[in-house]
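This report refers to the structure that appears directly beneath it.
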Amino acid sequence: MAGELEVTIALLHGVNLNMLGVRDPEHYDTMTLAELEGSVVIEARAAGLACISFQTNHEGELVEKIQELRERAAGMIINPGAWTHYSYAIRDALELVEGPVVEVHLSDVESRPEEWRHHSVIRDVCDYMVAGKGAAGYSEAVEWLAERLKPAG
Ligand code: DQA
C-alpha cells in the first residue's frame with residue numbers, strides 16, 4: 001500500500017564474495033552473488049521486509065556502509081568473508097548497529113581444515129549465526145530477522 005511504512009534490512013557481503021560462482025563449489029555452491037542477493041530480496045519481500053544489498057572488497061567501504069545503515073536498517077545480515085577472522089574494524093562498526101545482526105557463512109567455517117577460519121572476531125557483536133547451510137543459511141537469517149522485526153499486533 002502506498003505510504004505504508006516499510007521495515008528495511010541490509011544484506012552485506014565482504015571480500016571475495018563477488019566471486020561466488022567461480023569460487024570452490026564444494027564450499028560455496030555454484031550460484032553467483034547476484035543470484036544469491038536476488039533470492040534474499042525476494043524472501044525478505046515475502047516476509048514483509050525491504051532489503052538493501054551491498055558487497056565490497058574494500059574494508060573501509062564496508063565500515064562506512066555499516067555506519068550509514070546502523071540506524072536506517074532495522075536488521076542486518078552480514079557475511080564479511082575472510083574479514084570475519086581478523087577485522088576488528090568491522091567488528092567495532094557492527095557493535096554500533098542498533099538492530100539485530102546475523103552472521104552468515106556459506107561454508108561450515110568451524111569444521112574447515114584451516115585453523116584461522118575457526119575463529120570469528122564479529123561473533124560477540126552478532127545476535128545469531130548460521131554457517132554451513134549454503135544459500136539456505138540466508139533464508140534462515142531472513143526468517144530469524146522477520147520474526148524479530150515484525151510489527152507488534
Ligand atoms: C566465508 C568463509 C570465510 O572463511 C571465507 O574467507 C569466505 C567465505 C563463507 O561464506 O563460508 O570468503 O565467509
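Every number for a ligand or one of its atoms is a count from 1 in the order of the listing.
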Atom pairs, nitrogen or oxygen, ligand 1 to protein, under 3.5 angstrom:
{"from": "ligand 1", "atom 1": "4 (O)", "to": "His85", "atom 2": "NE2", "distance (Å)": "2.7"}
{"from": "ligand 1", "atom 1": "4 (O)", "to": "Arg117", "atom 2": "NH1", "distance (Å)": "2.8"}
{"from": "ligand 1", "atom 1": "6 (O)", "to": "Ala82", "atom 2": "N", "distance (Å)": "3.2"}
{"from": "ligand 1", "atom 1": "6 (O)", "to": "Arg117", "atom 2": "NH1", "distance (Å)": "3.1"}
{"from": "ligand 1", "atom 1": "10 (O)", "to": "Asn79", "atom 2": "ND2", "distance (Å)": "2.8"}
{"from": "ligand 1", "atom 1": "10 (O)", "to": "Leu106", "atom 2": "N", "distance (Å)": "2.8"}
{"from": "ligand 1", "atom 1": "11 (O)", "to": "Leu106", "atom 2": "N", "distance (Å)": "3.3"}
{"from": "ligand 1", "atom 1": "11 (O)", "to": "Ser107", "atom 2": "N", "distance (Å)": "2.8"}
{"from": "ligand 1", "atom 1": "11 (O)", "to": "Ser107", "atom 2": "OG", "distance (Å)": "2.5"}
{"from": "ligand 1", "atom 1": "12 (O)", "to": "Arg23", "atom 2": "NH1", "distance (Å)": "3.0"}
{"from": "ligand 1", "atom 1": "12 (O)", "to": "Arg23", "atom 2": "NH2", "distance (Å)": "3.1"}
{"from": "ligand 1", "atom 1": "13 (O)", "to": "Asn79", "atom 2": "OD1", "distance (Å)": "2.8"}
{"from": "ligand 1", "atom 1": "13 (O)", "to": "His105", "atom 2": "ND1", "distance (Å)": "2.8"}

**Report entry** salt bridge (charged side-chain N to carboxylate O under 4.0 Å, His left out) contacts touching residues 38-51 (sequence neighbours left out)
**Finding:** Glu6-Arg45
Requested in this report: Nearest 0.5 Å please: distance from the CD atom of Gln55 over to the CD atom of Glu61.
Outcome: 9.5 Å
Report task. Mind jotting down which residue pairs meet the salt bridge (charged side-chain N to carboxylate O under 4.0 Å, His left out) criterion with at least one end in residues 7-30? Sequence neighbours excluded, please. Result -> none
Requested in this report: For the residue pair His85 and His105, categorise the inter-ring angle as parallel (less than 30°), tilted (30 to 60°) or perpendicular (more than 60°).
Outcome: parallel
**Report entry** Pair listing, salt bridge (charged side-chain N to carboxylate O under 4.0 Å, His left out) test, anchored in residues 84-105, at least two apart
**Finding:** Arg70-Glu98, Arg91-Glu95, Arg91-Asp124, Glu103-Arg123
Report summary line: The reported gap from CG in Leu12 to CG in Asn79 (rounded to nearest 0.5 angstrom) is 10.0 Å
